[in-house]
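Inspection log for the structure reproduced underneath, given as structure tokens.
FYI, the numbering just counts along the sequence from 1. Heavy atoms only: backbone and side chains are in, while hydrogens, waters and symmetry mates are out. We count ligands from 1, going down the list as the structure has it; atoms in each ligand are counted the same way.
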Amino acid sequence: MDEAIQEQWLIFGGSRGLGLSLLKLCAKEPSGRFLPLSISRKRGELEANQKHFSWDLAQGPLFDEKFSEIKNHLGSSPIRILYAAGGGPYGAFSKKAFKDHQWAFELNFLSPARLLHWALNDDRLRQFIYVGSQVAEDKPDPMASSYAASKHGMFGLIKSIQGESPHLDLRLFSPSYMDTDLLPKNAKVRESAQIFAPDKVGEKLFQWMLDPSGNKHYIWKP
Ligand SMILES: NC(=O)c1ccc[n+]([C@@H]2O[C@H](COP(=O)([O-])OP(=O)(O)OC[C@H]3O[C@@H](n4cnc5c(N)ncnc54)[C@H](OP(=O)(O)O)[C@@H]3O)[C@@H](O)[C@H]2O)c1
């Protein structure tokens, strides 16, 4: 295998759901050219040979320290970053403790915004993809207000930076409902909306991210 063509990827939220589907697809690539590192709190459903770095992305003040640890831990600079970590409290805004909303703001907005700021100042990084939400990034999402607010924030940030013609390939991927742990078991949409398997959505995401002419904003349509 030609080591020169190997690519280091960082997959935030790779321990399950959509992020995990990307790790599985990287592992299937016959050339072995993709070297993904999964980042999340736990290893979750990763195989023993899949690389993992433990980081609670809701701990905002630790950002610089943790990110330096990752860079020291890697053999080479990352080429692509996929931010698929996400979550938030489910229920009426006033009924949830504010610390739960703060957790959602850190995880879905402040950490990816900090990471993107770093990425825009690194000449070696070629691509940054944030997983938004077709459901929550540009319309209300009752019972998931802090999650929706932070997805709106990243939507505005990415669209604005795209208008600044950044050196890297900055993209937004907006899926619809997926059958993962993120969607509460009692969420009403499970009865009414179409819910997709994360592996199916992941296949499209993988194809699109490797297509150099792919749109800067992909809205998932099955
Ligand atoms: N599922 C849906 O219906 C849906 C719809 C639209 C958009 N999305 C978006 O799609 C993306 C993937 O979601 P998913 O459905 O695959 O969710 P998921 O199965 O719940 O996976 C979420 C991932 O984020 C990680 N994560 C959660 N909290 C974290 C924290 N504090 N620090 C570090 N990592 C954390 C989890 O790992 P640990 O728990 O081990 O940390 C896990 O790897 C998210 O951006 C989500 O907002 C999902």
Side-chain angles (χ1 to χ4, degrees), residues 10-25 36-46 50-63 66-67 70 81-90 99-115 128-139 141 143-155 158 171-206 217-222:
L10 301 183
I11 301 187
F12 289 80
S15 61
R16 53 192 155 85
L18 183 63
L20 178 66
S21 76
L22 263 282
L23 271 121
K24 290 194 236 166
L25 290 163
L37 174 68
S38 166
I39 298 150
S40 60
R41 291 167 300 184
K42 291 163 280 171
R43 285 192 62 88
E45 298 167 31
L46 292 180
Q50 287 175 316
K51 291 198 173 148
H52 176 257
F53 183 87
S54 175
W55 182 357
D56 183 348
L57 292 151
Q59 304 282 317
L62 292 181
F63 186 91
K66 292 300 257 185
F67 198 51
I70 291 192
I81 290 182
L82 174 73
Y83 197 96
Y90 183 69
K99 68 172 174 45
D100 297 338
H101 298 307
Q102 198 162 346
W103 175 77
F105 297 146
E106 289 282 355
L107 175 61
N108 305 309
F109 180 69
L110 285 171
S111 281
R114 285 182 177 104
L115 191 64
F128 186 105
I129 297 177
Y130 177 78
V131 180
S133 168
Q134 191 196 130
V135 183
E137 71 197 4
D138 60 357
K139 49 182 101 64
D141 193 8
M143 310 303 266
S145 51
S146 45
Y147 171 79
S150 46
K151 291 287 184 190
H152 274 65
M154 280 307 287
F155 179 89
I158 290 175
R171 300 189 188 187
L172 178 63
F173 184 81
S174 304
S176 182
Y177 294 111
M178 293 180 285
D179 187 11
T180 65
D181 293 349
L182 184 130
L183 196 60
K185 294 277 175 261
N186 59 343
K188 285 219 165 41
V189 292
R190 284 196 180 270
E191 294 156 23
S192 53
Q194 217 183 341
I195 315 273
F196 299 95
D199 285 353
K200 189 171 159 60
V201 181
E203 275 172 26
K204 187 69 225 180
L205 168 58
F206 189 69
H217 184 190
Y218 188 93
I219 302 175
W220 162 256
K221 285 191 195 77

What is the closest protein heavy atom to [atom], and at what distance does it sit?
atom	value
atom 2 (C) of ligand 1	Met178 N, 3.4 Å
atom 17 (O) of ligand 1	Leu182 CB, 3.4 Å
atom 42 (C) of ligand 1	Ser15 OG, 3.5 Å
atom 10 (O) of ligand 1	Val131 CG1, 3.4 Å
atom 21 (O) of ligand 1	Arg16 NH1, 3.5 Å
atom 1 (N) of ligand 1	Thr180 OG1, 3.0 Å
atom 40 (O) of ligand 1	Lys42 N, 2.9 Å
atom 25 (C) of ligand 1	Gly13 CA, 3.9 Å

Strictly under 4.0 Å, does any heavy atom of [X] approach an atom of ligand 1?
X	value
Ala84	yes
Ser176	yes
Gln59	no
Trp103	yes
Gly132	yes

- Distance-only donor-acceptor check, side chains His217 and Ser174, under 3.5 Å: yes
Nearest 0.5 Å, what's the [atom1]-[atom2] distance between [X] and [Y]?
X	Y	atom1	atom2	value
Gln134	Leu172	CD	CG	11.0 Å
Ser40	Ile11	OG	CD1	11.0 Å
Ser146	Glu106	OG	CD	12.0 Å
Gln50	Ser15	CD	OG	11.0 Å

- Query: Does the side-chain contact (heavy atoms from CB on, under 4.5 Å) test come out yes or no for Leu10 and Phe67, once each step is laid out?
  - Reply: CA-CA 11 Å; Leu10 301 183; Phe67 198 51; 4.1 Å; yes
Should the proximity of [X] to ligand 1, defined as any heavy atom under 4.0 Å, be assigned to the side chain, the backbone, both, or neither?
X	value
Tyr147	side chain
Lys151	side chain
Leu107	side chain

Using a 4.0 Å cutoff against the non-hydrogen atoms of [X], which atoms of ligand 1 qualify?
X	value
Ser133	6 (C), 7 (C)
Asp56	30 (C), 31 (N), 32 (N)
Pro175	6 (C), 7 (C)
Trp55	32 (N), 33 (C)
Gly17	16 (O), 19 (O)

- Shortest reach to atom 26 (N) of ligand 1 by a heavy atom, considering only Ser174, Ala85, Pro184: Ala85
- Task: Start with the C-alpha gap between Leu205 and Leu18, add the side-chain angles, then the distance that decides, and say whether side-chain contact (heavy atoms from CB on, under 4.5 Å) holds.
- Result: CA-CA 9 Å; Leu205 168 58; Leu18 183 63; 4.0 Å; yes
- So does Lys51 have more than 12 non-hydrogen atoms from other groups sitting under 6.0 Å from NZ? no
- More than 12 foreign heavy atoms under 6.0 Å from NZ of Lys188: is that the case here? no
- Query: Between Asp141 and Tyr147, is a side-chain contact (heavy atoms from CB on, under 4.5 Å) present by the stated rule, with each step listed?
  - Reply: CA-CA 8 Å; Asp141 193 8; Tyr147 171 79; 4.2 Å; yes
- Does an N or O anywhere in Leu18 fall below 3.5 Å from an N or O of ligand 1? yes
- Task: Say whether Val135, considering both its backbone and side-chain N or O atoms, lies within less than 3.5 Å of an N or O atom on ligand 1.
- Result: no
- Query: Are Trp55 and Phe63 close enough that their ring centers fall under 6.0 Å?
  - Reply: yes
- Can you find a pair of side-chain heavy atoms, one from Val189 and one from Leu183, that are under 4.5 Å apart? yes
- Quick one: sort the Phe196 and Trp220 rings into parallel, tilted or perpendicular, breaks at 30° and 60°. perpendicular
- Message: Between Glu203 and Lys24, does any NZ, NE, NH1 or NH2 come within less than 4.0 Å of an OD or OE carboxylate oxygen?
- Response: no
